[in-house]
Protein chains: 2
Amino acid sequence: MIDERINLLRNKMIERNIDYYIAIDSDYHNSEHVDPHFKERSFLTGFTGSAGVIIVSKDEACLFTDGRYHIQAEEQIKGSSIKLYKVGLEGVINHLDYLKQNVKDGDTVGFDGRCFSLNDFERINEQFKGKDVKTKIDFDLVGEVWHDRPDVFKGSAFSLDLKYCGKTREEKLKDVRCKMEELNASHYVISSLDDIAWLLNIRGNDIPHNPIVVSFLLIDRDDVFFFVDGDKISDEISLELKKSGVKLKKYGDIYDFIESIKEGSILFDKSKTNCKLVNSIDKNVKKIMLRNITTDMKSIKNEVEIKNIREAEIKDCVAFVKFFSYLEDHIEKDTITELDVSDLLLKFRKEQEGFIELSYETIAGYMENAASAHYQATSEKYSVLKPEGFLLIDSGGQYYGGTIDITRTISLGKISDEMKRDFTYALKALINLSRTKFLKGTNGISFDMMARSVLWNYGLDYKHGTGHGLGFMLNVHEGPQSFSLRADPKVYIEPGMVTTNEPGIYKEGKYGIRHESDLLAVLIGKNEYGDTFMEFETLTYCPFDLKSIDKKYLNSDEINWLNEYHKKTYELLSPLLEGRDLDWLKRATVPLYV
Amino acid sequence: MIDERINLLRNKMIERNIDYYIAIDSDYHNSEHVDPHFKERSFLTGFTGSAGVIIVSKDEACLFTDGRYHIQAEEQIKGSSIKLYKVGLEGVINHLDYLKQNVKDGDTVGFDGRCFSLNDFERINEQFKGKDVKTKIDFDLVGEVWHDRPDVFKGSAFSLDLKYCGKTREEKLKDVRCKMEELNASHYVISSLDDIAWLLNIRGNDIPHNPIVVSFLLIDRDDVFFFVDGDKISDEISLELKKSGVKLKKYGDIYDFIESIKEGSILFDKSKTNCKLVNSIDKNVKKIMLRNITTDMKSIKNEVEIKNIREAEIKDCVAFVKFFSYLEDHIEKDTITELDVSDLLLKFRKEQEGFIELSYETIAGYMENAASAHYQATSEKYSVLKPEGFLLIDSGGQYYGGTIDITRTISLGKISDEMKRDFTYALKALINLSRTKFLKGTNGISFDMMARSVLWNYGLDYKHGTGHGLGFMLNVHEGPQSFSLRADPKVYIEPGMVTTNEPGIYKEGKYGIRHESDLLAVLIGKNEYGDTFMEFETLTYCPFDLKSIDKKYLNSDEINWLNEYHKKTYELLSPLLEGRDLDWLKRATVPLYV
């Protein structure tokens, strides 16, 4: 069946004189998560992983994917003629190198320009330097052969009250226009959905977990045009937007609208704006390409947002505690699977006022399953918990009040000394970053080192960043900041930014440990030499499993930090718990002797 | 007199139709230290600091300098019409902004293109974007009015035996040509003097402290042309170079020679190559602009160099110990000034076999003088040491075997609790970086954090990098690596790199503390997951002043590190000392109780 689809595509390629066709799973906004409608690569290959590129030529169809998906891709394309490139393995090229090596003078390369950002486009084009290669980006050949393609799900938008978001859209638009003026931009087009939702103070449910509304936004000196499917916008919101000077346009009209601008300068983010849209810009219009200015604005949470996030974090932690208490009570008597863990956590979250949905699919990994940092149990493949070993839970909620991301690892019974040691090492890493004091103007590379170096000291590393920016009632991954060895050195951690702190230790075939709390960057003030210092306020108050700690690996400062943390956890959560849950919390937060 | 000089320059400007003339203190190689002959800005302004730019127009002469020199510049230009721009103060523009704001359509800006790198040139030109501004770079107007200009000092070159440098110039040239092949470069021109000296295995004495030979080098597929004043090269070295395929050319002939290349591609470093030289490149020749490939090669010391550096470090530490022992013996009975400290250290170094010269002017700062990180005592302004307080000594030697850079701070008698605490804090920072284990592929931003974050934790910062790369019998500052918040994130610390570790605490009007040792990056090996780990080997073994340590601020790991360090210091230095000096060392290296 897969080969049939590829052959149908090849016929279309011949009709259009295309020598190579590239397909990926992407919407028109370069979103992290996309509607099934946009999963063209999955449709063509049967491979459903979150990352991968297929390139089809007359002679072959090649799938490129990274180390997380080598095994899955191999299984899913079995029986087809697709050649799998296991990118990351020595000697295996990626799709860009493949294009460089294979595309010849006179060839034409095609892809749907709406699904590729200008950055993607430029990276592809770079491979053809010095060759006469045409790129055609104006059609969706996969769409032409995908007959039972699912329709795009259309949710409905809701407006965010000022008591949640703390700043009106008029004020935000004023800030944006002020910055446009500074940059000498007459127009600003925004494609990234979290930026649009933040700026307009609206949210939606077009995609699970990310409460965005699929749309484009165009701001000029006089008007704001909101390109969105009208069905999603109720009359009430429509009126509200109108009052703020926001005019509704049809979603698909953005391309023609951009084309109709004949002078001035247009600001956009080339990593977020699709290349078909960029192609629509008139030659006489100057392009100003910068990271979305709204990305920086929304990364700095305002006082109202911060207050709300603090409360939402407590709600999520209460759900966690109820789950832990339940688990302790049932682990020996009931059969509980990894899938049940997700269900239970969702159940306890639903009890919380203001809970909307999960902020991402819960990762519940028992023992060796958790050794893969992004493990997901499925109905086909999951483990049953035993009253021993480690369970890693990475789970968060969307609340009226914030987007939460928490990871805790707990022992379900007996664990080895090595496991206790590793648990404690990872905790030391979390503590070291959490209590860092720092000069204003410090970047994410430096912060990554504060956690990672603790584990390096023991000859251990984790193959992911230490933390990522968190949206407000939006995406669980939002920049511009991150804590990573490869972070942008020119992005500094500013007061009001919320970033996760999630070091881990992963032992293949054995277990995985990760501790994750969300950190708010706050100002301390100036020292006597005029240096402005900052620190982190921990927002997440959920106990770290005391039974898994080997105290001999903690120094007195670390024990004091942990005791303080648990003391505050008890203070914050105990008023919201009772009975067995409260009793569990009490035991989970007893101080360790220094 | 200063105004006279500026008026003479103005006359020349009028003759040549120049509206703005820019002068700096720079040779034709963008060297850190230059011969007095090249100090055109100093000549014009009377201001002798190491950083500063003068811009002269018909209406005014403006001097721009940074925070280190605001006071000095003010004093030195007193009585002249020069306007001082104290760059770094709020609202004060730098010379680039000045050009942007003042240079108008139709203006012509001039400077000696030999003294400005292509990077400088581009940065200047950027200011004139959108304006019709001419730049003339083909003459040296300051030279035309500087009648008693000193001649350039011409030293003589010497050749480096293989027992010192460990790799023949033929092998090095082969490596360079291999890389040129990879980059598809038919020619490679090197302007930076440390790179040329390293590649040809020669050293010289054209400039104090930096044993380079003023020259250019041009490598093509067949030949190596060495553009150097013939007087500096003895017949013996000339013959030796000839055998290695290196042909001598006149120093000044590089420009015509470059111009005579009519095809192919020329590799050069735009931050090191002067813009006049770049202007000489024919239009048909492709420019490949990259950091000098030799800079990366020479930063990784070979086994022979490493063995030699280890020995040279010990010699320098022996000189330090002899000085400390002398100081202890004489501080109460003699008058010792900061200038005497420099002289004494030089005297003890001269006793060491293989000592050549100081690797930089010794910084000997007593108490508040040391609060300025780059303090230099002069015959006009120096302090007399008292048997109390802190003395900071930052000093190093050039040896047959290596370039050394050491800082120690010692108490000369009574010091306050605050001083002890700060001394100990800074030591903690040095220890934390020294004992870091790290993954191969870690950059200098991460390492900076390992030292700096220790002081940030106490609300303290130092306004300089944590460390810089060290040359081998060459410059005391050599890249590409550094430990700095602003380091290039794509430069990783590789096995064989030597970098300084020098955190400090500076309290204006009170005292300055800095501890500095040189660190060699070494491979540990792979862990069980295939991650390659590295660590630092400390090369500098010179005691840290035990009397200045307040043990209550050190944890047991830090005390153990210090005791190990002092134990090894005693083992390495004691065989080379006797009498009072040995006795001093014994007392200076006693272990602290944990």
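Naming convention: chains lettered A, B, ... in sequence-line order (proteins, then strands); numbering from 1 in each chain. Fair warning: this is a prediction, and the values are worked out from it, not measured in the lab.
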key: Pair A/Ser416-A/Glu418, side-chain donor/acceptor within less than 3.5 Å   =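 Side chains of A/Ser416 and A/Glu418: no pair found under 3.5 Å.
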Quick check on [X] against chain A: is it the side chain, the backbone, both or neither that has a heavy atom closer than 4.5 Å?
X        : result
B/Asn443 : side chain
B/Thr436 : side chain
B/Arg452 : neither
B/Phe533 : side chain

query = Taking the six-membered ring for Trp, are A/Tyr506 and A/His464 parallel (under 30°), tilted (30 to 60°) or perpendicular (over 60°)?
reply =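 Rings of A/Tyr506 and A/His464: perpendicular, as their planes differ by over 60°.
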request  = Measure up the B/Phe483 and B/Phe447 rings against each other and bin them: parallel (under 30°), tilted (30 to 60°), perpendicular (over 60°).
outcome  =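 Aromatic pair B/Phe483/B/Phe447 classed tilted.
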inquiry  = Please enumerate all residues that pass side chain to side chain contact (heavy atoms under 4.5 Å, CB included) together with B/Ser271, with sequence neighbours excluded.
reply    =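 So B/Ser271 forms a side chain to side chain contact (heavy atoms under 4.5 Å, CB included) with B/Asn119, B/Asp269.
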message = Let's test your reading of the structure: which of B/Asn555, B/Leu460, B/Asp557, B/Asp448 forms the most heavy-atom pairs below 4.5 Å with chain A?
response =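 Counting heavy-atom pairs under 4.5 Å, the top option is B/Leu460.
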inquiry  = Below 4.5 Å, heavy-atom pairs only: which of A/Asp531, A/Asn457, A/Ile524, A/Leu439 has the largest tally toward chain B?
reply    =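 Maximum pair count with chain B is reached by A/Leu439.
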ask   = Any idea which of A/Glu535, A/Lys463, A/Arg435 has the most non-hydrogen atom pairs under 4.5 angstrom with chain B?
value =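 Looking at each option in turn, the highest pair count goes to A/Lys463.
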ask   = For the atom pair CZ (B/Phe536) and OG1 (B/Thr538), what is the distance rounded to the nearest 0.5 Å?
value =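 The OG1 atom of B/Thr538 is 9.5 Å from CZ of B/Phe536, to the nearest 0.5 Å.
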ask   = Atom CG of B/Asn527 and atom CG of A/Asp461: how far apart are they, to the nearest 0.5 Å?
value =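 Spacing of CG (B/Asn527) from CG (A/Asp461) equals 8.0 Å.
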